[in-house]
*Asks:* 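I'd like to ask some things about the structure below.
Note on naming: letters A, B, ... go to the chains in the order of the sequence lines (proteins, then strands), and numbering restarts at 1 for each one. Here the structure is a predicted model, which means the values were calculated and not measured.
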There are 2 protein chains.
Amino acid sequence: MTTRIQRRNRRKILDAALDVFSAQGFRGATLDQIAAVAGLSKPNLLYYFDSKETMHRALLDNLLDVWLAPLHALDPQGDPTAEIMGYMRRKLEMSRDYPRESRLFANEVLQGAPRLSDAIAGDLKALVDDKAAVIRGWSAAGRLAPVDPYHLIFSIWALTQHYADFDAQIRLIRGETDPLDGADAFLETLFTRLLTP
Amino acid sequence: MTTRIQRRNRRKILDAALDVFSAQGFRGATLDQIAAVAGLSKPNLLYYFDSKETMHRALLDNLLDVWLAPLHALDPQGDPTAEIMGYMRRKLEMSRDYPRESRLFANEVLQGAPRLSDAIAGDLKALVDDKAAVIRGWSAAGRLAPVDPYHLIFSIWALTQHYADFDAQIRLIRGETDPLDGADAFLETLFTRLLTP
DNA sequence: AATAACCTTGACTGATTGGTCAGGTCTGCT
DNA sequence: AGCAGACCTGACCAATCAGTCAAGGTTATT
């Protein structure tokens, strides 16, 4: 049974941990930093989570569901172009709304996905293989321009996540302009032209 | 004056440091790891480089020239589509040939570009602004489809670097297939369709 | 072969880090 | 009010880390 205080503190800790892990990576983050951001003492963090590792695990487990949802929603019965454009739009929204989650994921994969390889080789691969087959079918039926479905999916990941993961770089180059300003219109054009038979 | 031994050991150290920094990030890397990969003792590393920081600096300074070169080569006098496609191809080759450098850069930017902000806001921004103006001119002259030049450049970065930075993820999903297999053909199609007026 | 400069290392240090623990405080319930 | 269990903390520990240093080994040059 979980108390009110437990819920509040667990949430505060995971939120602070997401802040720090996504900005510093797992090894770069320290419990002292997380404790400071959460406004709790270090031993108190360890009262709620057994270890730094456990904290990180909790974030990753939570992340994967959220991360897979947009692709999951791609409907084999829908209109091919509309479905893929919709997926791209949802992923772009995720970069806008959950940049920390995107960076947490990027940090992990960049370092060889040591804690995510099971999930990627399992659930994610199965989902991608499934949707890739759907897209391949659409192309074969002439409802979509012929296109490698894997590279299409990778390109959506690359383009949308780039705005969250490389935010620092984009800000430095664009100055005052909001990094995502014009991104949706650009990606709309890019994928419309690619997908129209 | 630099001796033969100095040249050899400095190169061994920087190569080992690139291995470790690109795989673990700055804070995640340890001098012991770098020493082990280089086949030298830790105090010997510090005989050649004042500090861990200095080692990292040397890699970043070296990296930036290599990283800017492909964009620098984009010729305002050339054929618009061919120039942009050529840039994209060069960047993709860099992901194939220098994946460690790509990941070193990604790690740095992902963590807010603390050691690169000057270079990005300076040289890189100036170069991008310059080439963006060229591309805008091409579009205005009707020699290229109308396209936001900044997002075009960002999209080339995102798509090409993705294959180096997210290599672990792509491998887990594609299995035996070489991550870059088919990537060049896909990107060729994607950008041809986007750029043709 | 002598020597001066260069190269290398084992043993060390102080700082930081993840994690522990004994004991104290607060909260909700009767 | 009083009590049981949940919550919290200062002080501490062992491990790891970047970096130092004195002493010994190697190299090139004469």
*Asks:* Choose from C:dC7, D:dT9, D:dA6 the nucleotide whose nearest atom is closest to any side-chain atom of A:Asn44.
*Replies:* D:dT9
*Asks:* Under 4.0 Å: is that the gap between some side-chain N or O of B:Gln6 and OP1 or OP2 of C:dC6?
*Replies:* no
*Asks:* Give a yes/no on whether any side-chain N or O of B:Tyr47 is located under 4.0 angstrom from OP1 or OP2 of C:dC7.
*Replies:* yes
*Asks:* Could you go through B:Leu60 and B:Glu108, starting from their C-alpha distance and side-chain angles, then the distance that decides it, and tell me whether this counts as side-chain contact (heavy atoms from CB on, under 4.5 Å)?
*Replies:* CA-CA 9 Å; B:Leu60 289 184; B:Glu108 201 58 18; 4.3 Å; yes
*Asks:* Check the phosphate of D:dA6 against A:Asn9, side-chain N and O only, distance under 4.0 Å to OP1 or OP2. Yes or no?
*Replies:* no
*Asks:* Quick one: which of A:Leu116, A:Leu124, A:Ile120 gives a side-chain contact (heavy atoms from CB on, under 4.5 Å) with A:Leu64?
*Replies:* A:Leu116
*Asks:* Once the angle between the rings of A:Phe154 and A:Tyr150 is folded into 0 to 90°, is it parallel (under 30°), tilted (30 to 60°) or perpendicular (over 60°)?
*Replies:* tilted
*Asks:* Give the rounded distance in Å between these two atoms: CG of B:Leu40 and P of C:dC6.
*Replies:* 19 Å
*Asks:* Measure CD1/B:Ile5 against C1'/D:dG25 and give the value in whole Å, please.
*Replies:* 12 Å
*Asks:* May I have the distance from B:His56 (atom NE2) to D:dG19 (atom C1'), rounded to whole angstrom?
*Replies:* 18 Å
*Asks:* For the residue pair B:Tyr163 and A:His151, does the interplanar ring angle fall in the parallel (under 30°), tilted (30 to 60°) or perpendicular (over 60°) class?
*Replies:* tilted
*Asks:* Ring of A:Phe26, cation from A:Arg115 - is the NZ or CZ under 6.0 Å from the centre and inside 45° of the axis?
*Replies:* yes
*Asks:* Just call it for A:Tyr48: base, sugar-phosphate, or nothing, with non-hydrogen atoms closer than 4.0 Å on any strand.
*Replies:* sugar-phosphate
*Asks:* If every non-hydrogen atom of A:Leu14 is compared with every non-hydrogen atom of A:Ala58, which pair is closest and at what distance?
*Replies:* CD2-CB, 4.0 Å
*Asks:* Can you build the contact string for nucleotides 14-23 of chain C? Use B for base contact, S for sugar-phosphate-only contact, and - for no protein heavy atom under 4.0 Å.
*Replies:* ---SBBBB--
*Asks:* Between B:Arg4 and D:dT27, is there a side-chain N or O to OP1/OP2 distance below 4.0 Å?
*Replies:* no
